[in-house]
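Below is one structure, written out as structure tokens; comments come after it.
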Protein chains: 2
Amino acid sequence: MPEKDDFVLQDFLPFLLNRAAEESSLAFQSYYKNRYGMLRNEWRVLFHLGTYGTMTAKDIGQRAKIHKTKISRAVAKLTERRFITRSRDENDRRSEHLQLTPAGEAAYRDLRGQAASYDKQLASRFSAEEEKVLRRMLRQLACIEP
Amino acid sequence: MPEKDDFVLQDFLPFLLNRAAEESSLAFQSYYKNRYGMLRNEWRVLFHLGTYGTMTAKDIGQRAKIHKTKISRAVAKLTERRFITRSRDENDRRSEHLQLTPAGEAAYRDLRGQAASYDKQLASRFSAEEEKVLRRMLRQLACIEP
DNA sequence: GGGTAATAGTTGTTTTTGTAACTAACAAGG
DNA sequence: CCTTGTTAGTTACAAAAACAACTATTACCC
């Protein structure tokens, strides 16, 4: 009787996903780290502001599923480095609208270009069709709408 | 002239992979954390020993691509909790052979079962074919041989 | 209005990582 | 042997994450 024993760690999805995520982030991570001294959360906040324009910390947190304390600290760093400015909402003085400064815009454009070509390079291992399917499946797993 | 501006964060592979990895680890993580007070690296070490039998810290590190300091700490915790035993290699007294105790075996079997059914549940969102393709692509991205 | 609850964001403290330097054991060449 | 280099694993210290408690403001509703 053969054991029904076909489960291996190398195939465990959370493990695979973690390893793939780590491996695929490496090169890009060292780019924004070396070039701008940014941390991952800072890059993410910057990227959101560049992509979607003015947002509040809460907006960013919701969209990227980053905890508010991480956002708070990333925003503090980015402000200190003059990459973003903050202004209170006059209707609800609890929240602040964040937006990129020209320097922030410049960094964003650079990083965005890097990210785009890096992404293309990663995806080049697959066919166009496979790539599309991969992204769809990942969005599914990540609970990201469409 | 439309801008060639089709790059969005939500589709950036490192971002997608990270989010998918985090999301998909959540439930399982809280299982081994609540049930055994384990950290991720401890679960991974335990799992490797359960799957492959006796190994050295180095073996585990190579196979799972975990840094030796993480392994060292995980091994210390697991030893302290009597899940594994260590014995010096008599031919090369620098390295130690690690193996599960009966308690470690029991935890391993439980966690392994959990992992298997959790994995199945994650994969159930996809067709069998899609699932196979997904794992293959992830192994590719994670730089894991076949 | 006045009290209670909820929300946006921050700060402080504890865990966990990351990195580098360290010990102990082996290897190899002279 | 004995110096130099390498390897397995540990430890110490700095950086970052997690978690809880906090301030300030707004919302609810009796």
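Predicted, not measured: the structure shown is a model, and the values here were computed from it. Per chain, numbering begins at 1; letters A, B, ... match sequence-line order.
- Using modelled atom types and a 3.5 Å distance limit, the side chains of A:Asp89 and A:Thr56 yield no donor-acceptor pair.
- B:Arg135 and B:Ala123 get closest at one heavy-atom pair: NH2-CB, 3.9 Å.
- In this structure, A:Asp110 and A:Tyr31 approach most closely via the heavy-atom pair OD2-OH, 3.1 Å.
- Residues B:Tyr36 and B:Trp43 place their aromatic rings such that the two centres sit no closer than 6.0 Å.
- For the pair A:Asn91 CG and D:dT26 P, the computed distance is 9 Å after rounding to whole Å.
- Using bins of under 30°, 30° to 60° and over 60° for the plane-to-plane angle, the ring pair A:Phe28/A:Tyr118 lands in the parallel bin.
- Among A:Arg73, A:Lys70, A:Arg81, the single residue meeting the side-chain hydrogen bond (donor to acceptor under 3.5 Å, both in side chains) criterion with A:Glu42 is A:Arg81.
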Q) Where along nucleotides 4-17 of chain D does protein come under 4.0 Å, by heavy atom, of base (B) or sugar-phosphate alone (S), with - for untouched nucleotides? A) --BBSBBBBB--SS

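- Residues A:Arg94 and A:Arg88 come closest through the heavy atom pair O-NH1, 3.3 Å.
- Judged by distance alone, the side chain of B:Asn18 and the main-chain N or O of B:Pro14 form a donor-acceptor pair under 3.5 Å.
- Protein chain B contacts DNA chain C over a range whose 5' and 3' limits, counting nucleotides with an atom under 4.0 angstrom from a non-hydrogen atom, are C:dT16 to C:dC26.
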